[in-house]
Amino acid sequence: QVQLVESGGGLVQPGGSLTLSCAASESARIFYVMGWYRQAPGNQRELVARVFSGGTTEYGDSVKGRFTISRDNAKNAVLLQMNSLKPEDTAVYYCRARLTSGGSIYWGQGTQVTVSS
């Protein structure tokens with residue numbers, strides 16, 4: 001049973017930075033893709049960033065140039081470095097992963113990020 005463990009959420013002022021972490025709770029096959037999605041009240045869940053096993057990355061338009069995703073395949077973990085945070089970045093952030101391109105989707109429990117002065 002794959003479990004994704006998230007950490008790093010919290011309260012930060014506009015313009016500040018925060019780093020989110022997601023890792024498998026125990027050893028597993030390397031994920032085909034790992035990434036972060038977010039959902040604010042009243043909004044649909046949207047892609048923030050994701051990284052594939054070969055290193056290719058993809059970012060949502062709203063975070064390009066501000067967020068950086070990185071992966072440690074040895075630990076089956078992914079980090080999201082968030083810089084220049086804006087109030088509109090406020091949301092619950094969820095880790096998401098697949099072991100294969102068409103396989104089961106695994107979700108973390110979500111971690112709250114609040115950007116406010």
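- Under the side-chain hydrogen bond (donor to acceptor under 3.5 Å, both in side chains) criterion, Asp72 pairs with no residue at all, not counting sequence neighbours.
- Tested against Phe31 for a side chain to side chain contact (heavy atoms under 4.5 Å, CB included), the candidates Leu99, Val51, Val78 yield a single pass: Leu99.
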For residues 110-117, please give each side-chain donor-acceptor pair under 3.5 Å, one per line with the distance, not counting sequence neighbours.
residue : atom : partner : partner atom : Å
Thr111  : OG1  : Gly9    : N            : 3.3
Gln112  : NE2  : Ala91   : O            : 3.4
Gln112  : NE2  : Thr114  : OG1          : 3.3

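- Within the structure, no pair that satisfies the ring-ring contact (aromatic ring centres under 6.0 Å, His included) test touches residues 62-82, not counting sequence neighbours.
- Between the side chain of Tyr106 and the backbone N or O of Cys95, no donor-acceptor pair lies under 3.5 Å.
- Under the 4.5 Å side-chain heavy-atom criterion for Ile, Leu, Val, Met, Phe, Trp and Tyr, Leu80 and Tyr37 are members of distinct hydrophobic clusters.
- Under the 4.5 Å side-chain heavy-atom criterion for Ile, Leu, Val, Met, Phe, Trp and Tyr, Val48 and Ile105 are members of distinct hydrophobic clusters.
- By the salt bridge (charged side-chain N to carboxylate O under 4.0 Å, His left out) test, Arg96 is found to be paired with no residue, residues two or more places apart in sequence or in another chain being considered.
- Val12 and Leu79 sit in two unconnected hydrophobic clusters of ILVMFWY residues. Membership requires side-chain heavy atoms under 4.5 Å apart, directly or through other members.
- Minimum heavy-atom separation, Lys64 to Tyr59: CE-O, 3.4 Å.
- Ile30 forms part of no hydrophobic cluster, judged by ILVMFWY side-chain heavy-atom separations under 4.5 Å.
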What side-chain donor-acceptor pairs closer than 3.5 Å can you find for residues 15-24, not counting sequence neighbours?
residue : atom : partner : partner atom : Å
Ser17   : OG   : Asn83   : OD1          : 2.9
Thr19   : OG1  : Gln81   : OE1          : 2.6

(request) Show the numbers, then the answer: is there a side chain to side chain contact (heavy atoms under 4.5 Å, CB included) between Arg71 and Thr57? (result) CA-CA 10 Å; Arg71 184 170 181 173; Thr57 59; over 6 Å; no
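- Grouping Ile, Leu, Val, Met, Phe, Trp and Tyr by side-chain contacts under 4.5 Å, direct or through others, puts Val33 with Tyr32, Phe52.
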Show me the side-chain donor-acceptor pairs of residues 40-47 shorter than 3.5 Å, one per line, residues at least two apart or across chains.
residue : atom : partner : partner atom : Å
Arg45   : NE   : Gln39   : OE1          : 3.4
Arg45   : NH2  : Gln39   : OE1          : 3.4
Glu46   : OE2  : Arg38   : NE           : 2.8
Glu46   : OE2  : Arg38   : NH2          : 3.3

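- In this structure Ser84 satisfies the side-chain contact (heavy atoms from CB on, under 4.5 Å) test together with Arg66, sequence neighbours excluded.
- Lys86 and Asp89 are not joined by a salt bridge, as no carboxylate oxygen comes within less than 4.0 angstrom of a charged side-chain nitrogen.
- Counting only residues at least two apart or on different chains, no ring-ring contact (aromatic ring centres under 6.0 Å, His included) pair has a member in residues 80-102.
- Among pairs with a residue in residues 47-58, those fulfilling salt bridge (charged side-chain N to carboxylate O under 4.0 Å, His left out) read Arg50-Glu58, at least two apart in sequence or across chains.
- When side chains are defined from C-beta on, Arg29 counts as touching Thr100, because their heavy atoms get closer than 4.5 Å.
- Looking at residues two or more places apart in sequence or on another chain, you find no side-chain hydrogen bond (donor to acceptor under 3.5 Å, both in side chains) involving Arg98.
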